[in-house]
Amino acid sequence: MNTSLNYAYYPGCSSTGTSVEYDMSSRAICAALGIQLQDVPDWSCCGSTPAHTVDHSLSSALSARNLDQVASMGLDSCITPCPSCLANLKTAKHKMQDENFRDKVNKLLEKPANTQVETKSVLQILVEDYGIENIKKKVVKPLTGLVVGAYYGCILNRPAELMQFDSREHPMAMDNIMEALGATVVPFPLKVECCGASFGIPRKDVVMRLSGKLLDTAQEIGALALVTACPLCQMNLDMRQSQINRANGTKHNIPIFYFTQLLGLALGLTEKELGMDKLCVSPRTLLNSIAKEEQIKEKAA
Amino acid sequence: MKVININSSYDSDFVREVEEESGQKLNLCYQCGKCTAGCPYTDEYDISVSQIMRLTQAGQKEKVLQSNSLWLCATCESCTSRCPNEIDVALIMDVLRHMARREGYTGTGRVKTFWDSFLSSVEKNGRVFEVGLLVNYISHTGRFWTDVDLGPKVLPKGKIHFKPTEMQGKKEVAKIFMRFNEESAK
Ligand code: SF4
Ligand code: SF4
């Protein structure tokens with residue numbers, strides 16, 4: 001294991017609001033694993049989906065301002081928990097290798113853009129740089145009895161040429177982590193299907209249908225919870241679960257965790273540090289049952 | 001189904017522009033339909049993504065750019081991942097959307113208004129301010145907030161802020177938008 005993992009950390013806008021528990025738990029697990037994070041100073045929005053639907057130079061310029069901030073820290077790699085930020089930051093770097101495009105972006109910026117800074121997801125560095133075997137060694141509270149499905153969402157690994165991580169159709173990174181933590185992982189068949197993304201406000205009906213299908217499937221395969229790595233997926237499945245139930249006549253009560261929250265739990269961090277109380281679908285019963293299973297196992301041993 | 005006379009309305013400039021802006025070769029598409037088969041939004045589309053590919057190949061500019069599908073595509077990358085000819089279909093959808101915008105097409109308008117509200121929030125605050133974005137969207141569409149029921153669930157979580165977070169460089173961000181608007185007007 002590399003003992004001096006050190007990254008610039010780009011939290012992204014949703015971390016200041018609707019996905020605050022993703023940010024909290026990402027920071028907490030990195031601290032617990034000895035991974036150093038330095039916040040990108042005065043970071044700004046990457047432009048998210050709306051910017052790239054308007055124009056690619058605008059989208060890349062918004063991202064480039066942040067890549068430049070990373071370079072000013074003397075670092076050349078940046079990590080972010082959010083797949084949407086990840087896609088934009090990576091796309092900007094990738095597209096700016098083309099001189100004509102770079103010129104277009106530079107016209108929008110104060111100073112020429114940095115084209116070297118590499119961005120990865122928190123998930124990717126945990127798997128590739130830290131290593132699942134090493135994570136396993138740090139587990140103090142195994143997630144015994146937790147039956148969980150891993151849902152990756154559509155853009156964490158796609159397009160494959162850009163993301164360069166895991167598989168575009170059958171990603172396994174979170175499945176493997178959950179297994180290392182002692183959970184029982186059930187293969188989730190809709191791993192990379194779209195949840196309805198940012199259409200919750202302009203076209204809620206679409207989110208009800210697509211996220212509804214994800215929850216129905218989770219139930220069918222006997223998953224007691226889903227883990228996600230994306231603020232939009234998590235929000236659609238968790239915050240909107242009651243709306244989905246009403247729209248589709250279902251009665252789902254499936255906690256939707258960020259993978260970092262469950263990882264933190266297994267590392268012995270407190271529920272408070274991991275923002276468990278920020279989840280809309282209460283994980284209380286489930287968390288109690290994990291603790292109980294663990295006690296029974298300990299007694300038997 | 002409406003029949004289009006392809007020969008009379010073939011717009012070669014349109015085909016060239018799409019190819020240039022996306023860097024993709026449209027004639028690689030042989031209409032296998034795999035992109036449509038995996039498109040989560042196809043039930044909502046007025047023209048399916050493989051048909052958009054075909055109509056674009058055939059230079060049917062107006063028919064393509066007025067399609068509401070362009071505004072419902074979530075860039076989920078499923079089509080791109082599965083196309084047997086490795087066409088970046090999602091990128092073509094993105095490029096078509098840029099063109100539609102430039103030519104004044106908006107689909108049914110709601111999605112575009114939402115995205116515009118998002119960007120004006122970034123332009124103003126440097127970061128997205130969720131509550132401000134919502135208020136802006138509602139005032140532009142005249143629609144009721146369809147998430148009122150979430151209030152009692154979400155508010156006690158302390159996730160919703162009624163003031164934007166402060167950042168130093170928000171003027172720099174606003175300038176990116178300003179320069180972009182100037183460049184687009186050229
Ligand atoms: S998957 Fe590719 S080749 Fe098949 S119809 Fe779609 S764009 Fe054409
Ligand atoms: S990227 Fe757009 S067109 Fe392609 S599958 Fe996803 S929603 Fe459909």
Side-chain angles (χ1 to χ4, degrees), chain A residues 13-14 16-21 41-45 47-58 61-62 65 69 87 104 107-110 153-155 157-161 168-169 192-194 196-206 209-210 239-240 242-243 246 277-280, chain B residues 21 40-41 43-44 71-72 74-78 80-82 88 90-91 94-95 97-98 101 110-119 121-122 125-131 134 137 141 146-147 149-150 153-154 157-161 165 167-170 172-173 175-177 179-180 183-184:
Chain A
C13 297
S14 63
T16 63
T18 41
S19 75
V20 63
E21 66 272 45
D42 204 41
W43 57 272
S44 47
C45 176
S48 190
T49 306
H52 79 69
T53 65
V54 172
D55 184 89
H56 290 150
S57 63
L58 173 65
L62 291 170
R65 181 183 174 275
Q69 298 286 80
K104 269 174 93 178
K107 280 199 182 127
L108 309 182
L109 295 168
E110 304 277 320
C154 50
I155 55 167
N157 307 298
R158 310 192 302 194
E161 291 70 27
R168 68 178 96 176
E169 293 286 358
V192 295
E193 285 300 309
C194 185
S198 57
F199 289 120
I201 291 164
R203 284 296 304 269
K204 198 163 94 182
D205 57 315
V206 180
R209 183 168 65 80
L210 295 176
M239 191 179 89
R240 295 192 184 280
S242 56
Q243 293 180 329
R246 225 170 306 132
D277 57 335
K278 304 283 181 192
L279 300 175
C280 289
Chain B
E21 287 189 30
Y41 294 85
D43 289 354
E44 327 290 334
W71 301 96
L72 288 172
T75 321
C76 79
E77 306 287 352
S78 174
T80 297
S81 297
R82 294 172 188 171
D88 193 339
L91 179 59
D94 219 17
V95 161
R97 196 160 32 208
H98 300 164
R101 232 177 218 278
R110 253 144 76 185
V111 174
K112 179 177 176 290
T113 308
F114 179 70
W115 285 336
D116 290 349
S117 304
F118 183 103
L119 289 174
S121 179
V122 179
N125 306 300
R127 294 177 190 162
V128 179
F129 168 42
E130 288 161 334
V131 171
L134 211 57
Y137 173 76
T141 51
T146 53
D147 287 329
D149 57 313
L150 293 181
K153 268 195 176 44
V154 182
K157 306 280 174 198
K159 289 176 159 189
I160 307 290
H161 305 292
T165 57
M167 64 161 296
Q168 303 292 318
K170 66 180 181 191
E172 277 170 52
V173 177
K175 272 196 200 155
I176 294 178
F177 281 93
R179 293 189 197 106
F180 173 70
E183 287 293 320
S184 319

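The basis for the numbers below is simple: all heavy atoms, side chains too, and nothing from hydrogens, waters or symmetry mates. To find a chain, count down the sequence lines: A is the first, B the second, and so on, and within it residues start at 1.
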In terms of heavy-atom proximity below 4.5 Å to chain B, should A:E193 be classed as side chain, backbone, both, or neither?
-> side chain
Below 4.0 angstrom, N of the basic side chain to O of the carboxylate: do A:D55 and B:R101 qualify?
-> no
Just by modelled atom types, is the B:M167 backbone N or O under 3.5 Å from a matching donor or acceptor in the A:D42 side chain?
-> no
Name the option with the most non-hydrogen atom pairs under 4.5 Å to chain B; the candidates are A:M239, A:Q243, A:R240, A:E169.
-> A:Q243
Set of ring-ring contact (aromatic ring centres under 6.0 Å, His included) partners for B:F180, sequence neighbours left out | none
Taking every heavy-atom pair that is under 4.5 Å apart, which of B:K175, B:R97, B:K112, B:K170 has the most such pairs with chain A?
-> B:R97
Parallel under 30°, tilted from 30 to 60°, perpendicular over 60°: which one fits the rings of B:H98 and A:H56?
-> perpendicular
Tell me, for A:A160 versus chain B, whether the close heavy atoms (under 4.5 Å) come from the side chain, the backbone, both or neither.
-> neither
NZ of A:K278: more than 12 outside heavy atoms within 6.0 angstrom?
-> yes
Engaged part of A:E21 at the chain B interface, taking heavy atoms whose separation is under 4.5 Å | side chain
Would you please test A:R158 and B:T80 for side-chain contact (heavy atoms from CB on, under 4.5 Å) and show each step?
-> CA-CA 8 Å; A:R158 310 192 302 194; B:T80 297; over 6 Å; no
For chain B, the option from A:T53, A:L62, A:L58 that forms the most heavy-atom pairs under 4.5 Å | A:T53
Check whether A:K204 gets within reach of chain B through its side chain, its backbone, both or neither, counting any heavy atom under 4.5 Å.
-> side chain
Which bit of A:D205 is near chain B, if near means a heavy-atom gap under 4.5 Å: side chain, backbone, both or neither?
-> side chain
Side chain, backbone, both or neither: which part of A:C13 has a non-hydrogen atom closer than 4.5 Å to chain B?
-> side chain
Hey, are the side chains of A:V54 and B:W115 touching, using non-hydrogen atoms and a 4.5 Å cut-off?
-> no
Between B:L91, B:V128, B:I176, B:T75, which has the largest tally of heavy atom pairs under 4.5 Å with chain A?
-> B:I176
Check step by step if side-chain contact (heavy atoms from CB on, under 4.5 Å) holds for B:R110 and A:R203.
-> CA-CA 8 Å; B:R110 253 144 76 185; A:R203 284 296 304 269; 3.6 Å; yes
Does B:R127 make a cation-pi contact with A:W43, if we ask for NZ or CZ under 6.0 Å from the ring centre and within 45° of the axis?
-> yes
Do you know which two heavy atoms are closest between A:C194 and B:C76, and how far apart they sit?
-> CB-CB, 4.1 Å
Approximate separation, where rounding is to 0.5 Å, of B:R179 CZ and A:K107 NZ = 12.5 Å
Where does A:E161 contact chain B at under 4.5 Å (heavy atoms): side chain, backbone, both or neither?
-> neither
B:L72 portion near chain A, given a 4.5 angstrom heavy-atom threshold = both
Mind ranking A:Q69, A:R246, A:K104 by heavy-atom pairs under 4.5 Å with chain B and telling me who comes out on top?
-> A:R246
If you measure from the Lys or Arg side-chain nitrogens to the Asp or Glu carboxylate oxygens, is any gap between A:R168 and B:E77 under 4.0 Å?
-> no
What do the steps show when you test A:S198 against B:F118 for side-chain contact (heavy atoms from CB on, under 4.5 Å), and what is the final call?
-> CA-CA 11 Å; A:S198 57; B:F118 183 103; over 6 Å; no
Cut-off 4.5 Å, heavy atoms of chain B, and the answer for A:L210 is side chain
Run the numbers on B:F177 and A:L108 for side-chain contact (heavy atoms from CB on, under 4.5 Å), then give the verdict.
-> CA-CA 8 Å; B:F177 281 93; A:L108 309 182; over 6 Å; no
Residue, of A:S242, A:P41, A:P50, that accumulates the most heavy atom pairs under 4.5 Å with chain B | A:P50
Residue B:E183 versus chain A: region with a heavy atom under 4.5 Å | side chain
Below 4.5 Å from any heavy atom of chain A, which atoms of B:V122 appear? Answer side chain, backbone, both or neither.
-> side chain
